[in-house]
Every structure is written in structure tokens, then in C-alpha cells.
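Each remark here refers to the structure printed beneath this line.
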Amino acid sequence: MTPAVDSSQGVSAPVCTAGSLKVSARQAAERPVGTGTGAAIVEFTNSSAKACVLKGHPTVAGAGNGSPGKNSPLAVTTTGSASTVTLAPKGKAWVKLTFVQVQGEADGYCESGAEPVVHPTLVIGLPGAGKHQVALDDGQIAECDNKVAVTAVSAVKPS
């Protein structure tokens, strides 16, 4: 990837490496109606001492109990266009993940007839920036149909 221009310092910034990012996730305030997670916000923080860039839409998989070979990739539908986001040291960027929602009470059900799936953690991949295993800070990910809609990396925090 070509480095983006970091306008705050007038120099080119490289793509953020997996080791330069701290990743966290929480349930989104705005999410589909239902009893599952519905939507989550994933936050990427530049933990390095230098600016770096992120760009693109994430890949998403249910984590395979500590074994990358057992990860369960979700079918991703992208929303929005991707633009380069420059992260200063301690700078943040976000993506929003919207899942097919679990319906009903207790164990819930999927409108499609599929069984609901609960993922204690997800593996989020970003172009050039590696893969990151992350858990929600306020629950687990419950979804139907192994599908997710994702936004591009953004400097604006979604709700």
C-alpha cells in the first residue's frame, strides 16, 4: 500500500501494523431490534509513537477457541466507501459491525430458521494491518446466518 500523507506532520505515514494497534469492542447504541448483539463498534487505537494509516473494510470471523484454524468466517457485506484515516499516536478509528439479529426470548431464534450462534470473541482483519482477536466489553456476540454488514474504517465514531 502507498503511505498516506499525514497532514499534521507533513510526512508520509505507513500502514498501521498489528502490533501498533490496541483493539476494543462494545455493543452499538443503534442496533436492529431483537435479543442478540445486533451491532458492535470496534475501536482501533494507535499505541505506537508514530502516525500510521488505516483504510478499507474489515473481515470478520468468529474466533475458534484460540485456534486460528477453527475460526468461522462471516459473510461480509460492505457499506460506505473506504478512505484513508491517519492515526496520530493515541489516535482512534472505528468500524461498525451489524449482524443479522437474534429474535425472541431465552435462547432466541433466527427468522431464517438457522440456529443462533454466540461468539465469545471475534477476529477482525484490516487490510495491511493484521488480524485482531477482540471480545465485547459488555457481552458476547449473538448473531444469525453468519452474516455481517461492515462500515469502512472511519475517523468518526459511529453510534
Side-chain angles (χ1 to χ4, degrees), residues 1 4 15-47 52-87 91-159:
M1 291 186 141
V15 173
C16 300
T17 63
S20 69
L21 294 172
K22 179 182 176 229
V23 183
S24 61
R26 63 173 175 77
Q27 290 190 47
E30 294 179 17
R31 53 188 189 254
V33 175
T35 55
T37 308
I41 306 298
V42 180
E43 179 179 274
F44 300 90
T45 303
N46 180 1
S47 60
C52 62
V53 298
L54 294 174
K55 181 178 181 178
H57 294 86
T59 59
V60 182
N65 298 321
S67 174
K70 294 181 181 178
N71 288 349
S72 174
L74 281 83
V76 171
T77 301
T78 59
T79 61
S81 60
S83 59
T84 300
V85 176
T86 301
L87 299 180
K92 298 178 184 300
W94 298 268
V95 297
K96 184 172 184 177
L97 313 175
T98 304
F99 303 95
V100 177
Q101 185 64 298
V102 176
Q103 304 296 317
E105 301 293 325
D107 291 338
Y109 66 93
C110 299
E111 290 181 346
S112 67
E115 288 293 319
V117 178
V118 176
H119 303 287
T121 60
L122 293 175
V123 177
I124 309 296
L126 283 176
K131 293 183 179 181
H132 309 271
Q133 188 166 346
V134 64
L136 288 178
D137 63 7
D138 54 356
Q140 296 184 355
I141 295 88
E143 55 89 10
C144 290
D145 305 333
N146 293 318
K147 296 179 184 176
V148 62
V150 300
T151 63
V153 174
S154 175
V156 177
K157 185 177 184 177
S159 55

Reference residue C16; test side chain to side chain contact (heavy atoms under 4.5 Å, CB included); the match among V153, L87, T86: L87
Who pairs with P120 by side chain to side chain contact (heavy atoms under 4.5 Å, CB included), at least two apart in sequence or on another chain? Q140
Quick one: does T79's side chain get under 4.5 Å of T98's, heavy atoms only? no
Who are the side chain to side chain contact (heavy atoms under 4.5 Å, CB included) partners of V100, not counting sequence neighbours? C144, D145, K147
Ignoring hydrogens and angles, tell me if any N or O in the side chain of H57 forms a donor-acceptor pair with the backbone of G80 under 3.5 Å. yes
Measure across V102 and A142 and return the closest heavy-atom pair with its distance rounded to 0.1 Å. CG2-C, 3.9 Å
Sequence-distant partners of A135, side chain to side chain contact (heavy atoms under 4.5 Å, CB included), two or more places apart: T121
Mind checking what makes salt bridge (Lys or Arg N to Asp or Glu O under 4.0 Å) contact with K92, not counting sequence neighbours? E43
Please, which pairs that meet side chain to side chain donor-acceptor pair (under 3.5 Å) have at least one residue in residues 150-159, sequence neighbours excluded? E30-S159
Which heavy atom of A93 sits nearest a heavy atom of V85, and at what distance? CB-CG1, 4.1 Å
Could you tell me the separation between the OG atom of S20 and the CG atom of L54, rounded to the nearest 0.5 Å? 7.5 Å
How far apart are the closest heavy atoms of A82 and A152, and which atoms are they? CA-CB, 3.8 Å
Nearest heavy-atom approach of C52 to N46 is SG-ND2, 3.5 Å
Minimal non-hydrogen separation, L21 against A129, with atom names: CD1-CB, 4.1 Å
For K22, which residues count as a side chain to side chain contact (heavy atoms under 4.5 Å, CB included) partner, sequence neighbours excluded? T45
Between P127 and G56, which heavy-atom pair has the shortest distance, and what is it? CG-CA, 4.3 Å
Hey, could you give me the OG1/CG distance between T59 and L126, rounded to the nearest 0.5 Å? 7.5 Å
Give, for atom CD1 of I124 and atom CD of Q133, the distance between the pair rounded to the nearest 0.5 Å. 10.0 Å
My understanding is that only residues two or more places apart in sequence, or in another chain, count here; which of them pass side chain to side chain donor-acceptor pair (under 3.5 Å) with S24? none
If we check side chain to side chain contact (heavy atoms under 4.5 Å, CB included) with L97, which of these qualifies: L74, I141, V150, I41? V150
V148 vs E143 side-chain heavy atoms within contact, under 4.5 Å: no
Could you measure the distance from the OG1 atom of T84 to the NZ atom of K55? Nearest 0.5 Å is fine. 4.0 Å
